[in-house]
Amino acid sequence: MTTLQHYLQFTDLTASQYAYLFDRASLIKKKFKAYEKHQPLVDRTLAMIFEKASTRTRVSFEAGMYQLGGSVVHLTTGDSQLGRSEPIDDSARVISRMVDLVMIRTFEQTKIECFAAHSRVPVINGLTNEFHPCQILADIFTYIEHRGSIKGKTVAWVGDGNNMANTWLQAAKLLDFKVNVSTPNGYEVNEKIAVSAGEISAEHYQSYSDPMAACEGADLVTTDVWTSMGYEAENEVRKQAFAAWKVNAAMMAVAKPNALFMHCLPAHRGEEVDADVIDGPQSVVWDEAENRMHVQKALMEYLLLGRLS
């Protein structure tokens, strides 16, 4: 019996635990590619609760859990309505008595924290307004696959200071690399949210008004859509504000020659990234998307079974 461990933000695990997860994800992926069965979670059930829709999150968790030998219960906003028709703590008490693991993709981080506080089983953050730890887990694993350790490297984040940017900052401090962030005025990273456990030093984080300067010498350039889910009413205003923050060939040219490009998808070619970048030779977005499944399989296995030899 493992100790109850939730995964609500990137800082919930240690550097040592991440090292184990990356190794484990590599093994699990190799087995997947070789059509070798890996089913340590037979008779275990994952409940997926979606208040924000998603293609990649649903497919990666659902396919991953089936591949691990388990089963899945899929709940949407209409099925669950967290905190509306029933208090969140009551929902948590009921659902967690019937399943072994819960993944929630919702709006406010406070919702998932409340659910976890009253859950008898591990809870995973599939995305909130504030954090997206599973995506950064996949991104770092993808970097390691292509270039080796991310320690001491530089990641350029170009665009909105959103949940992805917040999580990159948490990862940089924990795993000892640097994030150069460039956002338009008014869309900066909220450092208090990103690094709730104290200050983040210049060794791990630097802010730039010029996106070209942020990309200079970077090992990885990454971005996200300009208008995240829930902010659709601001779409036209954001398009104007972010016009100079489109990742293009010039930005990639000032990064290191072997720099990678990542995007968590879905992408809008011609908005936050040019087609010749996302479809170019430095882009690893398809590996990155697939790796969501492999790292999440490693994560689910770890949360339920602990370290395996």
Side-chain angles (χ1 to χ4, degrees), residues 1-14 16-18 20-21 24-25 28 38-52 54 57-137 163 167 170 196-197 292-293 295-308:
M1 185 74 179
T2 59
T3 304
L4 181 61
Q5 166 85 63
H6 300 300
Y7 192 59
L8 309 184
Q9 51 185 296
F10 202 86
T11 51
D12 283 342
L13 298 179
T14 65
S16 173
Q17 289 172 310
Y18 280 115
Y20 169 80
L21 283 181
R24 197 70 187 168
I28 288 170
H38 179 75
Q39 297 187 332
L41 298 186
V42 172
D43 293 332
R44 301 295 185 100
T45 302
L46 166 70
M48 303 192 303
I49 302 173
F50 287 91
E51 290 202 310
K52 281 188 176 184
S54 171
T57 297
R58 177 173 180 180
V59 174
S60 60
F61 270 106
E62 190 162 344
M65 190 59 174
Y66 284 132
Q67 289 166 21
L68 291 172
S71 58
V72 178
V73 176
H74 177 247
L75 300 170
T76 62
T77 302
D79 302 317
S80 58
Q81 297 193 23
L82 288 183
R84 277 170 269 174
S85 60
E86 182 178 42
I88 294 173
D89 49 341
D90 286 359
S91 294
R93 290 183 176 103
V94 172
I95 293 170
S96 67
R97 281 174 175 258
M98 300 177 181
V99 301
D100 302 281
L101 192 62
V102 179
M103 186 283 298
I104 302 176
R105 185 178 171 97
T106 186
F107 292 88
E108 299 85 4
Q109 181 76 10
T110 52
K111 281 189 173 185
I112 198 168
E113 288 174 351
C114 180
F115 192 104
H118 297 90
S119 174
R120 293 160 53 124
V121 301
V123 177
I124 298 172
N125 182 351
L127 175 142
T128 61
N129 290 345
E130 292 84 0
F131 301 109
H132 199 357
C134 288
Q135 182 64 58
I136 302 305
L137 187 65
N163 51 6
T167 312
Q170 290 190 331
S196 55
R292 278 286 300 278
M293 182 176 73
V295 296
Q296 287 165 187
K297 286 165 72 174
L299 177 66
M300 290 189 289
E301 179 191 76
Y302 178 69
L303 293 178
L304 289 177
L305 303 179
R307 291 188 185 234
L308 302 176

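Just so you know, residue 1 is the first one in the sequence shown, and it goes up from there.
- For the atom pair OG of S71 and CG of D100, the computed distance is 8.0 Å after rounding to the nearest 0.5 Å.
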Side-chain donor/acceptor pairs under 3.5 Å, residues 115-122, sequence neighbours excluded:
{"residue": "H118", "atom": "ND1", "partner": "C114", "partner atom": "O", "Å": "3.0"}
{"residue": "S119", "atom": "OG", "partner": "V121", "partner atom": "N", "Å": "3.0"}
{"residue": "S119", "atom": "OG", "partner": "V121", "partner atom": "O", "Å": "2.7"}

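- Although no hydrogens or angles enter the test, the distance criterion places a donor-acceptor pair under 3.5 Å between the side chain of T167 and the main chain of H132.
- Not a single donor-acceptor pair under 3.5 Å links the side chain of E301 to the backbone N or O of A298.
- The salt bridge (Lys or Arg N to Asp or Glu O under 4.0 Å) pairs that include a residue from residues 60-77 are R58-E62, where partners are two or more places apart or lie in different chains.
- The distance from the CG atom of N125 to the CD atom of Q135 is 12.0 Å, given to the nearest 0.5 Å.
- Judged by distance alone, the side chains of K111 and N129 never bring a donor and an acceptor atom under 3.5 Å apart.
- Between the CD atom of E51 and the OG1 atom of T106 there is a distance of 3.5 Å, given to the nearest 0.5 Å.
- Applying the side chain to side chain contact (heavy atoms under 4.5 Å, CB included) criterion to Q39, with sequence neighbours excluded, gives K37, V42.
- At a threshold of 4.5 Å between non-hydrogen side-chain atoms, the residues L304 and L41 count as touching.
- By the 4.5 Å heavy-atom criterion applied to side chains, I95 and V102 are counted as neighbours.
- Taking the side chain as every heavy atom from C-beta outward, R24 and Y302 never approach each other to under 4.5 Å.
- Applying the side chain to side chain contact (heavy atoms under 4.5 Å, CB included) criterion to D12, with sequence neighbours excluded, gives Q5, Y7, L8, Q9.
- T57 places no side-chain N or O within donor-acceptor distance of the main-chain N or O of S54, the cut-off being under 3.5 Å.
- Two residues are said to be in side-chain contact when any heavy atoms from C-beta on lie closer than 4.5 Å; I124 and L101 meet this criterion.
- To the nearest 0.5 Å, atom CG of residue L299 and atom CG of residue L137 are 6.5 Å apart.
- Scanning for side chain to side chain contact (heavy atoms under 4.5 Å, CB included) contacts around E130 gives Q109, T128, I193, with sequence neighbours left out.
- Side-chain contact check for I49 versus M103: every heavy-atom pair is 4.5 Å or farther apart.
- E113 and H6 share no side-chain donor-acceptor pair at under 3.5 Å.
- Applying the ring-ring contact (aromatic ring centres under 6.0 Å, His included) criterion to F10, with sequence neighbours excluded, gives Y18.
- In summary, of the residues considered (M65, Q296, K297), a side chain to side chain contact (heavy atoms under 4.5 Å, CB included) with S60 occurs for Q296 alone.
- Between L303 and M300 there is no side-chain heavy-atom pair separated by less than 4.5 Å.
- Atom CG of residue L68 and atom NE2 of residue H38 lie 6.0 Å apart, to the nearest 0.5 angstrom.
- Distance check, rounded to the nearest 0.5 Å: CZ of R292 to CZ of F61 gives 6.5 Å.
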